[in-house]
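Indexing begins at 1, ligand by ligand and atom by atom, following the structure's order. Computed over heavy atoms, backbone and side chain alike; hydrogens, waters and symmetry mates excluded.
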Amino acid sequence: MKLSNSRRDFILSLGSVAAVQATAATRGECFPAPASDLVRTAAGYVNPRKVLLWESTRKEIREALETGRLKAAIVPTGSTEQHNEHLAMIHDTASAVLIAQQAALELYPQVTVATPVPVGISPYWMERKGTLTLRRETFLAVVFDLCDSLRAHGIKTILILNGHGGNEKPLKEQMEEFRQKLGVNVEACSYWEAYAAEGVRDEVKRLMETGPENVPGHSGEFETSVALAAFPERVHREAVDYEKLKLALKDPEDARNDRKFYYDSLLARAEKGEVLIRIAADWVAARLRSMMERS
Ligand SMILES: [Zn+2]
């Protein structure tokens, strides 16, 4: 941004910009003022928190329901599980929320994103430290209760947006029962289904140096690219030395894959993540739009 003369003079009169920033930082401020968080939607400029149910007030949700503006909800499901040496455990939950929020902004003000389910079905990663897992019935009961809460408030269209592989089959197997019990239009999908859609397959193929079969791949080029684009603070390569790593895994194939995921992740780039996020958000928005039309 080009500073106006008076503003530049003002800054210079206070000394160097760096000195001003350092002083402001100690006061917990950011100077020059940070860019706004506002994003442009079809309905105008919006603070992105407005599509997050847990960041909304009851007034906002009530009025959105009363006026009929709010028609649908996304329930993100993720995991808290090992993501190799370099990604935060919360990656799957964070990416499901990210895609859900971007899709909800595309459809603003019709969609709210419910509080995510941050732990999933991950028993197969328990050999690696830190992984948390729910029993299938516990996980499905939590998801059901969230959908039932949304139904009670009058939401008739619910998309469960999954970000963790282990949740996918149990969710899909349960949808018919959910629909019967809830009496609303509820569906479940994983956001990476977007990459198999007609019209984007070639783009994904060009993007993925390890091959399109590694979408959604665990902690490799795909997930690390998404993290670098959306939340780089959750990528920690510092002091990671895979060659010196002593990881005792019982299954040799499991150990080979773990190593492969790490080296694949070195091909991750934020620019790839930006494209992958855009494809998934557009696909989720389109799917939800068609669900709302049918409700
Ligand atoms: Zn993951």
Quiz item: In degrees, rounded to 10 degrees, what angle do Asp92 atom OD1 and His83 atom NE2 make at the Zn ion (ligand 1)?
Solution: 100°
Practice problem: Search all heavy atoms of Ile158 against all heavy atoms of Cys147 and return the closest pair with its distance. | Solution: CD1-O, 3.6 Å
Quiz item: Closest to the Zn ion (ligand 1), which N/O/S atom of Glu223 is it?
Solution: OE2
Quiz item: Are Asp92 and Tyr191 close enough that a side-chain donor and a side-chain acceptor fall under 3.5 Å?
Solution: no
Quiz item: Does the Glu60 side chain pair with the main chain of Lys50, one donor and one acceptor, at a distance under 3.5 Å?
Solution: no
Quiz prompt | Contact flag His218/the Zn ion (ligand 1), N/O/S atoms, threshold under 2.8 Å | solution = no
Quiz item: With no hydrogens and no angle check, is any side-chain donor or acceptor of Thr131 less than 3.5 Å from a backbone partner on Glu81?
Solution: no
